[in-house]
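Chain identifiers are assigned alphabetically (A, B, ...) following the order of the sequence lines, protein sequences preceding nucleic acid strands; residue numbering begins at 1 within each chain. If you're wondering where the values come from, they're calculated on a predicted model, not measured in any experiment. For the numbers below, each heavy atom of this structure counts, side chains included, while hydrogens, waters and symmetry mates do not.
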2 protein chains.
Amino acid sequence: MLQIKRPSIVDVAELAKVSKQTVSRVINESPNVSEKTRQRVLQAIEALGFRRSELARNFSQGRTHSLGVVGRDLNYFGTRTYIGIARQAEALGYSLLLKELPESGIEQIEPMLNALLDRHVDGILWAVPEIADNHAWLDSGLLARIPVPMVFLSMAPRQEATVVAYDNFAGGELATRYLLDCGRKHIGHIAGPQEWWDASERQRGWETTLQQAGMKVLPEHVAMGNWDAASGEAAFHRLLASYPALDAVFVANDKMALGVLLAAHEKGLRIPEDLAVIGFDDITESAYFHPPLTTIFQDKAALGQQAVKTLAHRIEQKFQPAVQHVLESTPLTHQLIVRKTTPAGVIKT
Amino acid sequence: MLQIKRPSIVDVAELAKVSKQTVSRVINESPNVSEKTRQRVLQAIEALGFRRSELARNFSQGRTHSLGVVGRDLNYFGTRTYIGIARQAEALGYSLLLKELPESGIEQIEPMLNALLDRHVDGILWAVPEIADNHAWLDSGLLARIPVPMVFLSMAPRQEATVVAYDNFAGGELATRYLLDCGRKHIGHIAGPQEWWDASERQRGWETTLQQAGMKVLPEHVAMGNWDAASGEAAFHRLLASYPALDAVFVANDKMALGVLLAAHEKGLRIPEDLAVIGFDDITESAYFHPPLTTIFQDKAALGQQAVKTLAHRIEQKFQPAVQHVLESTPLTHQLIVRKTTPAGVIKT
DNA sequence: CTGTTAGCGCTTTCAA
DNA sequence: TTGAAAGCGCTAACAG
């Protein structure tokens, strides 16, 4: 099973009777080649089935036209986010080098970044959710020593770091205000894990909105889950116990809301008459929950796209500081999707 | 903003007063280095903060220790599959180069493969679901011309192609047999898109099992969906119309089953008394459906792991034909998960 | 045990 | 418009 060597630029040069330099010019579409030789070279390329080795090119140029993507469990940001990332990267001519950051934590971070840098990625996209202080390394000065542009997905804004994120605070406000508009007076919250930035922002949005409406917010008006349906169910039981007057609940994601719906049903609560429920995310299933879930939509694909655009923009700036690059931007705003878990007839602008 | 050049092997050599070859030996842990010089070199490495450039190494070795992964929409195989792939690749020392195959189709395939080969991936993992004839290119001889090992995820077995897949036929049998064991006499099927290999296999499992039980299987006993909850709902309405005696339904995936549950509820059917329902996949939400869904579990992470193991095994074989490599294998068998959408009290071995 | 010499396949000077 | 030469950072093959 003889391995046939890929033809190189030299093979093409020999066949076309030119220098390899000329071949290089042809494949790079340099204008400084006569039409005649260009044709000869193109023929040789065709005849040999030549393709330029990106590996060699990357090596010689010192850049790889690839982006390192560090994720955690792929599934937090969800497949939609990754699709956005992948499509946008492809569109912009970047390859993706994917890494999974293990739970273990902080001591894995530097090795991971190094692995990417050793492969000379042009930029790095950090798609690890911010949990507790797992982004604390940013303040250690490590960031400044990373020689390539870096973009962070959905983390708390901080100095010197480029962040692409939804405004979860605003999302929390949107959900809560809607429940207020429905006329509910006792709006509880089932939060994601406190240590998650996204979760605490959503909670802050809920709290602030209620306070601005002149309502009191007590600790027993919140229960915490871990994003899973099971935890939503458990949290709902606790919440109902600690806040019996409850007539509406803002759940920090749709999966937990699924658990809430089940639990409420078991308790014999009518939805939305006795209890209004609003979720967060608008996962595809939520339209088929029982009853269909009112929720806050966020376009995860757009989030991924925007992150890649931003990163690519910074890379181009670095490699060609001369030219003015424009950064296209996708708007990232939450949308309210009203379905059956909230009362009908409410006008919302 | 001066870009500091990464120290190279040569810088280390100079500082340690040895040849770069010796440095190379040290970083590759060759035994043929005296302890004394090794220490000197290590110190120099430390002092300079040297790290070997994987890019250069890849180039010089002609292999990249990376796997090309071609997926479609990331979400068909699901995040679990990708987590399995990512973790196993990491464990085996491979990087992942990710590509998304656009829907458009066949004319994208060769460019995609070429893009991967131009970057000299060591192997390719094809994670695109087999739909209609979108794998027909395999029979065109293209495969034979791909110079690196390739592994296909979840497609129909064929000559000359390495496939890692669940036996969907067996899964269909398992589900159907269970409904029979429950004593149901009118078992319908809501299938995935006919053109999907996985879908048609599951259907075949259903059909065969019923026939072996001496039952007649008619076209009106099946309705087709597109994997989405919405399509499951619609398909159920059609199925009920064409097969009024229906007392059980095997749904080809959990999402569609979700739609079925909603539709059945609206029809006033009691589950499982009037209608037993079994899904397929065991997505995390299904335990929280209303009622909790009986389903067939498949470990997608294990699927991804097994695919990477298989691919890595073939790669090692190629690069070091001398040594005997053992291929660890993860068992890929479906499991029945009994919850509330099927009658209780059935003993199942 | 260590050093020397090539060479991987391309791009980037610099000359002609 | 073309070519020659050097170099990217490493490994491989051969000497000593």
Side-chain angles (χ1 to χ4, degrees), chain A residues 3-42 44-45 48-66 114 117-120 122 147 319-320, chain B residues 3-42 44-45 48-66 114 117-120 122 147 319-320:
Chain A
Q3 194 64 37
I4 287 78
K5 196 180 128 326
R6 278 173 72 115
S8 86
I9 204 181
V10 178
D11 301 317
V12 176
E14 282 174 0
L15 184 58
K17 313 249 186 257
V18 294
S19 75
K20 64 179 184 176
Q21 205 29 243
T22 302
V23 178
S24 174
R25 288 191 182 100
V26 171
I27 60 186
N28 288 303
E29 296 173 314
S30 154
N32 302 325
V33 184
S34 75
E35 193 49 31
K36 218 183 107 195
T37 46
R38 150 174 276 107
Q39 287 307 330
R40 203 144 34 91
V41 170
L42 287 176
I45 287 177
L48 263 37
F50 165 84
R51 308 204 90 237
R52 163 172 69 190
S53 161
E54 287 301 320
L55 181 54
R57 178 173 130 103
N58 290 342
F59 172 58
S60 129
Q61 292 191 140
R63 68 171 289 194
T64 55
H65 303 274
S66 70
N114 278 330
L117 294 175
D118 293 347
R119 285 176 180 273
H120 291 251
D122 290 354
F319 281 104
Q320 319 169 1
Chain B
Q3 193 66 35
I4 288 81
K5 195 180 125 333
R6 278 172 71 115
S8 86
I9 203 180
V10 178
D11 302 317
V12 176
E14 282 174 359
L15 184 58
K17 313 245 184 261
V18 293
S19 75
K20 65 180 183 175
Q21 200 35 237
T22 301
V23 177
S24 173
R25 288 190 182 100
V26 170
I27 60 187
N28 289 302
E29 297 173 313
S30 152
N32 302 324
V33 184
S34 76
E35 193 48 33
K36 217 183 107 195
T37 45
R38 150 173 276 106
Q39 288 307 331
R40 201 143 35 88
V41 171
L42 287 176
I45 287 178
L48 264 37
F50 165 84
R51 309 206 88 238
R52 162 172 70 190
S53 162
E54 288 301 320
L55 182 55
R57 178 172 130 103
N58 290 342
F59 172 58
S60 117
Q61 291 191 143
R63 67 172 290 193
T64 54
H65 303 272
S66 69
N114 278 329
L117 294 174
D118 293 348
R119 284 177 180 272
H120 291 251
D122 290 354
F319 280 105
Q320 320 168 1

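- Between B:K17 atom NZ and C:dT2 atom P the separation is 16 Å, expressed in whole Å.
- Counting only heavy atoms from C-beta outward, the side chains of A:I45 and A:I27 approach each other to under 4.5 Å.
- Under a 3.5 Å cut-off, the side chain of B:R119 and the backbone N or O of B:T64 do not form any donor-acceptor pair.
- Interatomic distance, A:T37 OG1 to A:L42 CG, rounded to the nearest 0.5 Å: 9.5 Å.
- In this structure, the side chains of B:V18 and B:R40 come closer than 4.5 Å at one or more pairs of heavy atoms.
- Contact annotation for A:R25: base contact, defined as any heavy-atom pair under 4.0 Å involving a base atom.
- Between the P atom of D:dC8 and the NZ atom of B:K20 lies a distance of 9 Å, rounded to the nearest Å.
- In this structure, CD1 of B:I9 is placed 17 Å from P of D:dG7, rounded to the nearest angstrom.
- For the pair B:N32 CG and C:dC1 C1', the computed distance is 7 Å after rounding to whole Å.
- When distances are taken from the side chain of B:S34 to each of C:dC1, C:dC10, C:dG3, the shortest belongs to C:dC1.
- Rounded to a whole Å, the CD1 atom of B:I27 is 13 Å from the P atom of D:dG9.
- In this structure, CZ of A:R38 is placed 10 Å from P of D:dT1, rounded to the nearest angstrom.
- Atom OG1 of residue B:T22 and atom NZ of residue B:K17 lie 14.0 Å apart, to the nearest 0.5 angstrom.
- Residue ring and nucleobase are stacked for A:F59 and D:dC8, with a centre distance beneath 5.5 angstrom and an angle between planes beneath 30°.
- Going from atom OG of B:S8 over to atom CD of B:E14 covers 8.0 Å, rounded to the nearest 0.5 Å.
- The nearest heavy atom of DNA chain C to B:S60 and to B:R40 marks one nucleotide each, and the one closer to the 5' end goes with B:R40.
- Applying the salt bridge (charged side-chain N to carboxylate O under 4.0 Å, His left out) test to every pair with at least one member in residues 50-61 of chain A, sequence neighbours left out, gives these pairs: A:R51-B:D118, A:R52-A:E54, A:E54-A:R57.
- The phosphate of C:dG3 (OP1 or OP2) has a side-chain N or O of B:T22 nearer than 4.0 angstrom.
- Straight-line distance from the CD atom of A:E35 to the C1' atom of D:dT2: 16 Å, rounded to whole Å.
- Rounded to the nearest 0.5 Å, atoms NE2 (B:H120) and CG (B:L117) are 8.5 Å apart.
- Contact annotation: B:S19 side-chain N/O to C:dG3 OP1/OP2 distance is under 4.0 Å.
- Comparing B:P31 and B:Q61, the nucleotide of DNA chain C nearest to each residue sits closer to the 5' end for B:P31.
- Over its full length, the helix from C:dC1-D:dG16 to C:dA16-D:dT1 turns its helical axis through 40°, comparing axes from the five pairs at each end and rounding to 10°.
- Distance CD (A:Q21) to C1' (C:dC10): 9 Å, rounded to an integer number of Å.
- Here the nucleotide nearest the side chain of A:R57, chosen from C:dC10, D:dT11, D:dT2, is C:dC10.
- The side chain of B:T37 places an N or O atom within less than 4.0 Å of a non-bridging phosphate oxygen (OP1 or OP2) of C:dT2.
- Using a 4.0 Å heavy-atom criterion, one finds that B:N58 contacts no nucleic acid atom at all.
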